[in-house]
Amino acid sequence: MFINSDPVGLPGLAAMAVGFMVFMTALLAARMRARRDTADQGGKRDNRSVLGIVLQGFAIGMVAFGPIRTILDPLSPRALATAFVVLLIMLAVAGLFHWSSVAMGRNWALVARTRGDASLVTNGPFAYVRNPIYVALGLFMIAVAIAYGHSRMLIIALPLYALATWMRVALEEKVLRAAFGEEYGAYAKRVKRFLPGLI
């Protein structure tokens with residue numbers, strides 16, 4: 001059963017489409033950079049993070065699917081303000097994702113792993129938070145909910161996304177601690193997981 005959706009306007013949907021294309025461009029660029037160096041360099045990989053990926057995707061899907069009531073006047077202040085907010089969030093999502101994947105370089109991967117020749121990434125956005133890509137994906141989910149008028153679904157989707165993200169972070173931190181030991185421990189004490197200085 002789907003919670004009733006809020007009315008939305010075409011500008012918000014257009015902003016979401018533009019933002020999604022920018023994000024997909026950043027994602028494809030990250031994949032291309034990662035494929036340049038495909039040789040197996042040893043290291044550790046933990047495929048258990050796939051469950052977290054699936055649950056994160058399900059949470060995002062919860063706010064994406066369902067009826068979209070496109071009934072607002074496209075030139076109304078509400079429709080234009082929503083479009084501005086959605087575009088701003090999506091540009092932040094794409095920018096943060098791109099910045100993160102560039103900082104990670106060949107270390108970027110979908111599933112938790114380290115390479116035998118890897119170094120701990122602490123520059124770029126990783127100097128401020130340890131998991132900037134998960135922050136970006138959480139913002140992506142919020143932008144979808146706003147654009148499609150499904151903000152009430154966040155009541156269910158946000159806790160599910162948080163649980164899935166915690167599952168992935170726990171596995172990734174285990175891999176990183178095994179690979180980098182004291183260096184990662186010092187980094188984890190210095191830099192918060194999701195919000196600078198908070199959590």
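Annotation for A147 and V8: closest pair O-CG1, 3.4 Å, computed over non-hydrogen atoms. Closest of all the heavy-atom pairs between G52 and M167 is N-CE, 4.3 Å. Minimum interatomic distance between R177 and G185 (heavy atoms only, all atoms of both residues): NH1-CA, 3.8 Å. Closest approach of A79 and P74 over heavy atoms only: CB-O, 3.8 Å. Of all non-hydrogen atoms in L87 and G19, the two that sit nearest each other are CD1-N, 4.4 Å. When all heavy atoms are compared, the tightest approach of P132 to L96 is O-CD2, 3.4 Å.
Atom CZ of R168 and atom CG of L55 lie 10.5 Å apart (nearest 0.5 Å). If you take CG on D6 and CZ on R152, they are separated by 4.5 Å, rounding to the nearest 0.5 Å. With values rounded to the nearest 0.5 angstrom, F23 atom CZ is found 9.0 Å from M16 atom CE. In this structure, N123 CG and M104 CE are separated by 10.5 Å, a value rounded to the nearest 0.5 Å. To the nearest 0.5 Å, atoms CE (M24) and CZ (F97) are separated by 9.5 Å. One finds the CH2 atom of W166 at 11.0 Å from the CG atom of L171 (value rounded to the nearest 0.5 Å).
Looking at heavy atoms from C-beta onward, F20 lies out of side-chain contact with V144 at the 4.5 angstrom threshold. For the pair Y148 and F65, the minimum side-chain heavy-atom distance is 4.5 Å or more.
Taking hydrophobic clusters as Ile, Leu, Val, Met, Phe, Trp and Tyr residues chained together by side-chain heavy-atom distances below 4.5 Å, V18 does not share a cluster with L13. When hydrophobic clusters are built by joining Ile, Leu, Val, Met, Phe, Trp and Tyr residues whose side-chain heavy atoms come closer than 4.5 Å, directly or via intermediates, V85 is not grouped with M21. At a threshold of 4.5 Å between side-chain heavy atoms, the hydrophobic network of Ile, Leu, Val, Met, Phe, Trp and Tyr places L163 and L158 in one connected group. Following chains of ILVMFWY side-chain contacts shorter than 4.5 Å, one can reach L51 starting from M141, so the two form part of one hydrophobic cluster. Note on L75 and F84: separate hydrophobic clusters, where clusters join Ile, Leu, Val, Met, Phe, Trp and Tyr whose side-chain heavy atoms are under 4.5 Å apart, directly or indirectly.
Among V121, N131, V191, the one residue that satisfies the side-chain contact (heavy atoms from CB on, under 4.5 Å) test with F126 is V121. For the pairing with Y134, the side-chain hydrogen bond (donor to acceptor under 3.5 Å, both in side chains) check across Q56, R193, E172 returns one residue only, E172.
Side chain of R69 to backbone of S5: a donor-acceptor contact under 3.5 angstrom is found. For the pair H150 (side chain) and P67 (backbone), a donor-acceptor distance under 3.5 Å is present.
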Query raised in the report: V169 and F194: side chain to side chain contact (heavy atoms under 4.5 Å, CB included), yes or no, with the steps?
Result: CA-CA 10 Å; V169 165; F194 304 108; 3.9 Å; yes
